[in-house]
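Heads up: the structure comes next, in structure tokens.
For reference, positions follow the sequence shown, starting with 1. Note that these values count all heavy atoms, side chains included, but never hydrogens, waters or copies made by symmetry.
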Amino acid sequence: MKITICACASRTFIDKEKVAQLAAAAKQAGMDVEIVSDLCELCETKEGKVHEIAQTTIVACHARAVKSLMAFTGEPDCKSIDLRSQSLEDVLQALGIAAAPADTADEWKEQIATFPSKLGEDAWYPTLDKDACAECGKCFEFCPFGVYEMVNDRVTVVHPQHCKNNCPACARQCPTSAIIFPKYDRSPINGGEEMQEHAVRLDSKELYGEVLRKKLIERKISILKK
């Protein structure tokens, strides 16, 4: 059995110590173990490696977030375990393995320490829970960055790299909570099951005003440089 563990290197939502201890326990149990720096980044680029990961048990973020990430890459069928909200003991039990001695995690800690932190520049983009999506197109109409397109009357994330880092505004406009930002800190926007974000809304006019102001400044700077 092979497991792929996401270290979420640029964020703190997944405890790096827990990642190392899990890797040590899985290796002790005879499993094939790989830790990846950032599953979101791999899925954004849709590298061929993602297909290999889809064949493993993915230990990473909330199950709904992982499912939507993998579906975005064309790999909708995958098995995952939530390391973000579950305890290490719960994850070990789900895998049917025992904890390993603490010192056996050292090599994994060293590996995790080599992963670059790109906070503010790391992969940040929306994925869609198509089981919940009503295909209303509100996100497509709302997003000023051109992240979404309507493809065959279905909302599709086409330009994830255009998304503004740490901006979950489109998810706040979604009437069915179908938009997921795995790296957000509150659910259901991060794919969790709790309703922590229902009272927070962003004024769409305010966002458009901010984007317009920045574009005007960029245009002015461009003209002055000529």
Side-chain angles (χ1 to χ4, degrees), residues 1-102 104-119 122-130 157 160-161 180-184 187 190-193:
M1 176 180 181
K2 180 173 182 178
I3 67 170
T4 303
I5 311 172
C6 177
C8 198
S10 298
R11 307 274 171 156
T12 58
F13 299 126
I14 295 181
D15 186 341
K16 309 302 184 287
E17 177 74 22
K18 189 162 62 170
V19 170
Q21 291 179 10
L22 173 61
K27 183 177 180 180
Q28 176 181 265
M31 294 181 176
D32 187 0
V33 183
E34 181 176 10
I35 301 179
V36 295
S37 172
D38 187 341
L39 183 62
C40 290
E41 183 174 65
L42 288 174
C43 290
E44 180 183 24
T45 57
K46 298 186 179 180
E47 292 185 8
K49 183 177 180 64
V50 175
H51 177 69
E52 297 176 17
I53 291 174
Q55 313 308 310
T56 72
T57 296
I58 302 170
V59 187
C61 213
H62 298 301
R64 198 163 69 100
V66 174
K67 181 180 179 180
S68 67
L69 269 174
M70 299 304 289
F72 171 70
T73 69
E75 301 286 350
D77 300 317
C78 65
K79 180 181 178 180
S80 71
I81 298 175
D82 182 357
L83 185 62
R84 178 168 176 170
S85 62
Q86 291 192 110
S87 68
L88 176 61
E89 290 71 23
D90 287 340
V91 174
L92 291 174
Q93 184 176 6
L95 289 169
I97 60 178
T104 60
D106 291 345
E107 65 173 296
W108 298 103
K109 292 178 185 177
E110 292 174 4
Q111 179 183 341
I112 294 169
T114 66
F115 293 151
S117 176
K118 305 176 184 177
L119 185 60
D122 55 331
W124 171 279
Y125 57 95
T127 57
L128 300 172
D129 178 353
K130 282 300 186 180
V157 176
Q161 70 279 7
I180 298 173
F181 285 90
K183 292 180 180 176
Y184 193 59
S187 62
N190 60 22
E193 300 299 328

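I180 and S68 get closest at one heavy-atom pair: CD1-OG, 3.7 Å. In terms of heavy atoms, A23 sits closest to W108 at CB-CD2, 3.5 Å. Between F115 and A9, the shortest heavy-atom contact is CB-CB, 3.7 Å. The heavy-atom pair separating C43 from Y125 by the smallest distance is CB-OH, 3.5 Å. A7 approaches V19 most closely through the heavy-atom pair CA-CG2, 4.3 Å. Between S10 and L119, the shortest heavy-atom contact is O-CD1, 3.6 Å.
In this structure, the side chain to side chain contact (heavy atoms under 4.5 Å, CB included) partners of C8, at least two apart in sequence or on a different chain, are C6, R11, I14.
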Quick one: do Q21 and E17 satisfy side-chain hydrogen bond (donor to acceptor under 3.5 Å, both in side chains)? Show the steps, please. CA-CA 6 Å; Q21 291 179 10; E17 177 74 22; 2.8 Å; yes
Can you check side-chain contact (heavy atoms from CB on, under 4.5 Å) on L95 and M1, steps first, answer last? CA-CA 10 Å; L95 289 169; M1 176 180 181; 3.7 Å; yes
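Judged by distance alone, with hydrogens and angles left aside, the side-chain atoms of T56 form no donor-acceptor pair with the main-chain N or O of E52 at under 3.5 Å. Panel note: side chain K183, backbone A123; a donor-acceptor pair is recorded below 3.5 Å.
To the nearest 0.5 Å, the span separating CD1 on I5 from CG on L22 amounts to 4.0 Å. Here the straight-line distance linking atom NZ of K46 with atom CZ of F72 works out to 4.0 Å at 0.5 Å rounding. If you take NZ on K67 and SG on C61, they are separated by 15.5 Å, rounding to the nearest 0.5 Å. Distance CG/L69 to CG/L128: 11.0 Å, rounded to 0.5 Å. Rounding to the nearest 0.5 Å gives a distance of 11.5 Å between OG1 of T127 and CD of E44. With values rounded to the nearest 0.5 angstrom, K16 atom NZ is found 13.5 Å from K109 atom NZ.
Contact check for D122 versus E41: no side-chain heavy atoms found under the 4.5 Å cut-off. Here the side chains of K118 and D38 are not in contact, with every heavy-atom distance at 4.5 Å or above.
For K27, the NZ atom is loosely surrounded, since the number of other residues' heavy atoms within 6.0 Å does not exceed 12. When the shell of 6.0 Å around CD of E107 is examined, it contains more than 12 heavy atoms from other residues, nucleotides or ligands. In the displayed structure, K18 atom NZ is contacted under 6.0 Å by more than 12 heavy atoms of other residues, nucleotides or ligands.
Classification of the W124-Y184 ring pair by plane angle, with boundaries at 30° and 60°, yields perpendicular.
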Mind listing the side-chain donor-acceptor pairs of residues 75-82 below 3.5 Å, one per line with the distance, residues two or more places apart or on another chain?
{"from": "E75", "atom 1": "OE2", "to": "H51", "atom 2": "ND1", "distance (Å)": "2.7"}
{"from": "D82", "atom 1": "OD1", "to": "R84", "atom 2": "N", "distance (Å)": "2.8"}
{"from": "D82", "atom 1": "OD1", "to": "S85", "atom 2": "N", "distance (Å)": "3.0"}
{"from": "D82", "atom 1": "OD2", "to": "H62", "atom 2": "ND1", "distance (Å)": "3.2"}
{"from": "D82", "atom 1": "OD2", "to": "S85", "atom 2": "OG", "distance (Å)": "2.4"}

